[in-house]
Structure formats: C-alpha cells, structure tokens
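The first residue in the sequence is number 1, and the count goes up from there.
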Amino acid sequence: MSAVRASGVRKCFTRGAETVTALDGVDLVVDAGQVVALVGPSGSGKSTLLAVLCGWEVPDAGALVVGGGGAPDAQGWGELALVPQALGLVADLSLLDNVLLPARLRGPHRRSAAPTALAGQLLAGFGLDHLTDRYPHQVSLGEQQRAAVARALVLRPALLLADEPTAHQDREHADRLLDALHDAADDGTAVLVATHDEVAWSRADRVVSMRDGQLTDGPPS
C-alpha cells in the first residue's frame, strides 16, 4: 500500500526577477514498510520535495496523495511525522517532553502507556537516557537531532519524512538512527530520507536521485 504518491508535482519560487523551478514534474511513490533514500546535490530540490509532501509548501501543479487521501497538512503525527533540518524542538520542553509531544497533541482520549514506553526505549537506544530532563539548549546539536528523530518515531507514523537525519552524527550514532528508521519500516512505516550519507542510502530499500528539480530512480551516476 502506498503511503505517499506524487504525480507531476511542480513547484517554483520567485527570487526578484528570477523564477526558480525547484520541482519539475516529480513522480514518486513510497510504499508502507519501505525505506527510500532521496539523494542529490545541495540545491537540487530534495528539501522542497519534503516540504511539499508534509504540507509546508503547496505545489503549483501535479497531484499528491498522502495516506488515505487527505491533504498532507491535515495528517496527524500518527499518520505523518517529520524530522526537519532545523529540528524544531520546543525550547521550553525537556527532551523527554519534546519526544512525547506528538502523543500529547493527539488528546487525552487517545493517550496510552505505549508512547511513553517507546519514548524511553528510543532515548535509551540513542544514548540520551541520561539527558531526558535537559532542555534543547543544554545538549549538543547531535543530541538534539537524535531527540527529533525519536519524536518522529514515537507514534510509529504511517509516513516518516527525514531531512538529513544523520548530518550531525558520528558513525556510531548515525547507524543507531538508521537502525531505528529500518525498525519502524519493519513495523509498516514508509520512510523517505533525504541524505548525503552514502551509508544511509546504501542501506535503503530503494534510492531515487534528484537533480535540477527532476527525480529519477536509482543512485546518481
């Protein structure tokens, strides 16, 4: 089953008198249980594609179906989760509370012990169990990034979009993050990872390459 399907997606931006085509007729399908690596040079359109898929940007043309057919920006964290490059942790929440935030936003009628238990497992697996009470400014950028990945995984979403999730990690911690993404895929999550990390895309089920706003199957030539 497809977690996301994009057909002919186009997105342009205006910079002064210049029009920049960030996405030029992109077709993409990511199935449940699949890890897809999105690779390509900086400025090729990878982050723009993720922004369109999560609803941060509206495409100028093309069709986009996420999950059961709703708009991307109508999906809850249990359906669509995001790890942005900017990370987006809430400054006045501890790392644990940041990770649990998606579960709390679902509302009290759907709370259970499961997200709390999984949050603890993820934080421990990412080497953050001794930092759960610290605030984002009290930990390193790499530790913040691992917390952001844990937050995205805590509800085992149907679709997870991650923008350079290993960028601030040493190899050991990067491998732990990749293991967690693949574990989520084994549980049925569709994972799309924009990455420059060759290890990340060597482990993916499928690689798609972006250049000049156009997407092709396979690693870059």
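- For the pair Thr166 (side chain) and Gln169 (backbone), a donor-acceptor distance under 3.5 Å is absent.
- Looking at Ser94 and Asp133, their side chains never bring a donor and an acceptor atom within 3.5 Å of each other.
- A heavy-atom distance below 4.5 Å is not found between the side chains of Tyr135 and Leu89.
- Within the structure, the salt bridge (charged side-chain N to carboxylate O under 4.0 Å, His left out) test picks out the following pairs touching residues 205-221 (sequence neighbours left out): Arg206-Asp217.
- Not a single side-chain hydrogen bond (donor to acceptor under 3.5 Å, both in side chains) links Asp92 to another residue, sequence neighbours left out.
- For Arg134 (side chain) and Leu95 (main-chain N/O), no donor-acceptor pair under 3.5 Å exists by modelled atom type.
- Between the CG atom of Leu178 and the CG atom of Asp197 there is a distance of 6.0 Å, given to the nearest 0.5 Å.
- Contact record, Cys12 with Asp60: N-OD2, 2.7 Å, taken as the closest heavy-atom pair.
- Using a 4.5 Å cut-off on side-chain heavy atoms (C-beta onward), Leu53 and Val66 make no contact.
- Side-chain atoms of Gln145 come within 3.5 Å of backbone atoms of His168 as a donor-acceptor pair (strictly under, hydrogens ignored).
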Worked check of side-chain contact (heavy atoms from CB on, under 4.5 Å) between Thr14 and Glu18: CA-CA 6 Å; Thr14 300; Glu18 180 187 13; over 6 Å; no
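- Residues Leu49 and Leu23 have side chains in contact (heavy-atom distance under 4.5 Å, counting atoms from C-beta outward).
- A donor-acceptor pair is defined here as one N or O able to donate and one able to accept, closer than 3.5 Å; no such pair exists between the side chain of Asp31 and the backbone of Gln34.
- The nearest pair of heavy atoms linking Pro157 to Leu80 is CB-N, 4.3 Å.
- Considering only heavy atoms from C-beta on, Leu159 stays 4.5 Å or farther from Glu79 through its side chain.
- Using a distance-only test at 3.5 Å, with no hydrogens or angles considered, no donor-acceptor pair links the side chain of Thr21 to the main chain of Asp24.
- Between the side chain of His196 and the backbone N or O of Gly40, at least one donor-acceptor pair lies under 3.5 Å.
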Could you walk me through whether Phe13 and Thr48 pass side-chain contact (heavy atoms from CB on, under 4.5 Å), step by step? CA-CA 10 Å; Phe13 297 98; Thr48 300; 3.9 Å; yes
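- Nearest approach of Ala158 to Ala3, heavy atoms of both residues: O-CB, 3.9 Å.
- Looking at heavy atoms from C-beta onward, Val207 lies out of side-chain contact with Val36 at the 4.5 angstrom threshold.
- Between Ala147 and Val99, the shortest heavy-atom distance links the atoms O-CG2, 3.7 Å.
- The existence of a salt bridge linking Arg104 and Asp97 is confirmed by a sub-4.0 Å separation between a basic side-chain nitrogen and an acidic carboxylate oxygen.
- In this structure, Leu96 CG and Asp129 CG are separated by 11.0 Å, a value rounded to the nearest 0.5 Å.
- Under a hydrophobic clustering in which Ile, Leu, Val, Met, Phe, Trp and Tyr are joined whenever their side-chain heavy atoms come within less than 4.5 Å, directly or via other members, Leu153 and Leu118 fall into the same cluster.
- Closest approach of Asn98 and Pro102 over heavy atoms only: O-CD, 3.8 Å.
- Counting heavy atoms from C-beta outward, Leu82 and Trp56 have side chains that approach closer than 4.5 Å.
- Residues Leu123 and Val83 share a hydrophobic cluster, clusters being chains of Ile/Leu/Val/Met/Phe/Trp/Tyr side chains in contact below 4.5 Å.
- Remark: side-chain polar atoms of Arg156 are not paired, donor with acceptor, to backbone N or O of Pro115 under 3.5 angstrom.
- With hydrophobic clusters built from ILVMFWY side chains whose heavy atoms lie under 4.5 angstrom apart, Leu177 shares a cluster with Val139.
- Without hydrogens or angle criteria, Lys46 side chain to Pro41 main chain gives a donor-acceptor distance under 3.5 Å.
- Considering OG1 of Thr116 and CD of Gln121, their distance stands at 11.0 Å, rounded to 0.5 Å.
- Looking at Gln85, its side chain never comes within 3.5 Å of a backbone N or O of Asp163 through a donor-acceptor pair.
- With Val26 as the fixed residue, the side-chain contact (heavy atoms from CB on, under 4.5 Å) test singles out one of Leu64, Val208, Leu215, Val52: Leu215.
- For Arg151 (side chain) and Leu87 (main-chain N/O), a donor-acceptor pair under 3.5 Å exists by modelled atom type.
- Taking CD of Glu164 as the start and OG of Ser42 as the end, the distance is 7.5 Å to the nearest 0.5 Å.
- Of the residues Leu38, Val35, Val39, the one that meets the side-chain contact (heavy atoms from CB on, under 4.5 Å) test with Trp201 is Val39.
- The local environment of CZ in Arg171 is crowded, with over 12 non-hydrogen atoms from other residues, nucleotides or ligands closer than 6.0 Å.
- Heavy-atom minimum distance, Leu181 versus Val191: O-CG2, 3.9 Å.
- Inspection of the His182 and Asp179 side chains reveals no N or O donor paired with an N or O acceptor under 3.5 Å.
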